[in-house]
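No hydrogens, no waters, no symmetry mates; every other heavy atom, side chains included, goes into these values.
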Amino acid sequence: MTTRKTDKELAFLQDLFVATDWGERFAELVDEHLQLPKEGHALYLASGTGGHAIALQERSGEELKFLGLDENEECLELARAKAAALKDGVEFRHGTVDHLVLPDDGFDIVVGDGSLIHTERIRTMLAEMTRVASPGALVALALPTFSSFGEFFSIYWEALHNCGLLDHESDVEKLISILPSVSAVEEIAEQAGLDEVQSWTRIEEFDYDSGEEFLNSPLISDFLMRIWLETLPRKSCEQVVKEIGRLINEERHEAEFALSVKATLVVGRKALNQ
């Protein structure tokens, strides 16, 4: 695994390589199924380098004003530069997606990109999204759901076994089970205080010609792998990553290695009596 990148390096990688493919798959779900209000205030959580928030602002017109929040200040700098160049009025601000320093009932629509947020934070993130939404406002969250990354998890388990890290094989089971099913996310939304909950799901595939291409992909090496391997001792990571690459090359039989993701959008309306 590569050395940990700085926030600035991660921001540029996200803008150039992650938002343009991974991010667009989840953004398309939002674009297809979310109806924006004609006016008011909109919040976009985990806005990254701002591309989708700016696109939604352009689509909605001047009467709906977007605020984008992200945890990486360097991503926000890129987003602000884009917004300034386009003069579209989106404001970008630093914030923690599952601990918002924002008042209750302040937004007429709230959109969240949970695609790169640790699964353990999703419940609180959705609760915070609901809290800051106005009664009757739509709240929408895009995220990977259960059965995503199955091809990788199978190889990861085998790599741990081959490297003699038997005590960590249960880590893979946790990675699999912690991803919520679509029905579980709908239930979380209802528990957060959303009514009329709906969801849409699409299977997305990310193809790699070799184990090396997979491991060198910024999406994998600098974003997803940080979550997948976080419970491993640092001294074991390099050995396991090498074994993952070897297994991918051995098992793909000259075909592409496909990583499948169950991209899901959950939308609900904040209850009027909250």
Side-chain angles (χ1 to χ4, degrees), residues 5 9-36 42-60 64 66-72 74-83 85-86 88 90 92 97 109-119 122 125 129 138-145 147-149 151-152 179 182 185 198-209 213-214 216-227 256-267:
K5 303 288 197 306
E9 290 171 325
L10 289 172
F12 278 105
L13 289 170
Q14 185 168 345
D15 194 46
L16 293 173
F17 301 107
V18 179
T20 53
D21 187 9
W22 170 270
E24 284 189 0
R25 312 283 186 106
F26 291 90
E28 286 170 3
L29 273 174
V30 174
D31 294 341
E32 287 175 18
H33 300 290
L34 192 62
Q35 183 70 37
L36 299 175
L43 176 65
Y44 197 120
L45 283 189
S47 56
T49 57
H52 192 220
I54 290 170
L56 290 178
Q57 179 68 78
E58 292 176 340
R59 173 178 140 197
S60 64
L64 182 67
F66 267 86
L67 169 64
L69 261 67
D70 199 81
E71 298 183 343
N72 185 344
E74 299 295 342
C75 283
L76 292 166
E77 286 298 312
L78 294 177
R80 290 174 188 133
K82 293 177 187 178
L86 294 172
D88 70 352
V90 181
F92 290 99
V97 297
I109 188 167
V110 180
V111 181
D113 179 2
S115 66
L116 292 174
I117 302 297
H118 200 300
T119 305
I122 289 297
M125 180 180 177
M129 291 170 66
L138 288 177
V139 175
L141 178 65
L143 75 167
T145 48
S147 80
S148 296
F149 315 122
E151 303 89 348
F152 170 77
L179 283 169
V182 175
V185 179
Q198 301 179 76
S199 64
W200 296 268
T201 295
R202 191 162 60 194
I203 304 299
E204 299 285 355
E205 282 196 355
F206 298 83
D207 297 324
Y208 301 91
D209 289 334
E213 184 180 35
F214 174 79
N216 290 327
S217 160
L219 169 66
I220 302 302
S221 64
D222 297 302
F223 293 90
L224 295 178
M225 199 70 83
R226 300 291 174 184
I227 296 173
E256 292 179 326
F257 174 69
L259 183 72
S260 61
V261 178
K262 194 173 183 180
T264 299
L265 175 69
V266 176
V267 179

Does some side-chain heavy atom of [Y] sit less than 4.5 Å from a side-chain heavy atom of [X]?
| X | Y | value |
| --- | --- | --- |
| M125 | L45 | yes |
| T264 | V185 | no |
| L116 | W22 | yes |
| L13 | V18 | no |
| Q14 | L78 | no |
| L143 | I117 | no |
| E74 | L10 | no |
| D113 | H52 | no |

Restricting to salt bridge (Lys or Arg N to Asp or Glu O under 4.0 Å), what partner residues turn up for [X], sequence neighbours left out?
| X | result |
| --- | --- |
| E256 | none |
| K262 | none |
| E28 | R202 |
| D31 | R59 |

[atom1]/[X] to [atom2]/[Y] distance, rounded to the nearest 0.5 angstrom?
| X | Y | atom1 | atom2 | answer |
| --- | --- | --- | --- | --- |
| T201 | L29 | OG1 | CG | 7.5 Å |
| D222 | K5 | CG | NZ | 3.5 Å |
| F92 | L69 | CZ | CG | 10.0 Å |
| L179 | T119 | CG | OG1 | 4.5 Å |
| L224 | L219 | CG | CG | 4.5 Å |
| I220 | F206 | CD1 | CZ | 8.5 Å |

### Task
Please test V261 against F149 for side-chain contact (heavy atoms from CB on, under 4.5 Å), starting from the C-alpha separation and ending with a verdict.
CA-CA 6 Å; V261 178; F149 315 122; 3.6 Å; yes
### Task
Return the orientation label for the Y208 and F214 ring planes: parallel under 30°, perpendicular over 60°, tilted otherwise.
perpendicular
Tell me the closest heavy-atom pair linking [X] and [Y], and the distance in Å.
| X | Y | answer |
| --- | --- | --- |
| S60 | L36 | CB-CD1, 3.8 Å |
| V30 | A142 | CG2-CB, 4.4 Å |
| D70 | S47 | OD1-N, 3.4 Å |
| A79 | G48 | CB-O, 4.2 Å |
| T20 | D15 | CG2-O, 3.6 Å |
| E204 | A263 | CG-CB, 4.2 Å |

### Task
Using modelled atom types only, decide if a donor and an acceptor are shared between the side chain of Q57 and the backbone of F66 within a distance under 3.5 Å.
yes
### Query
If you draw a 6.0 Å radius around CD in E32, do more than 12 non-hydrogen atoms from other residues or ligands fall strictly inside?
yes
### Message
So, using side-chain contact (heavy atoms from CB on, under 4.5 Å) as the criterion, who are the partners of Q198 when residues are at least two apart?
### Response
W200
### Message
What verdict does the side-chain contact (heavy atoms from CB on, under 4.5 Å) test give for R25 and D21, after you've listed the backbone C-alpha separation in whole Å, the side-chain angles of each residue and the deciding distance to 0.1 Å?
### Response
CA-CA 6 Å; R25 312 283 186 106; D21 187 9; 2.9 Å; yes
### Task
List for me each residue that meets side-chain hydrogen bond (donor to acceptor under 3.5 Å, both in side chains) alongside E71, sequence neighbours excluded, and say none if there are none.
R121
### Task
Begin with the C-alpha distance, continue with both residues' side-chain angles, and end with the deciding distance and a verdict on side-chain contact (heavy atoms from CB on, under 4.5 Å) for V267 and H33.
CA-CA 9 Å; V267 179; H33 300 290; 5.7 Å; no
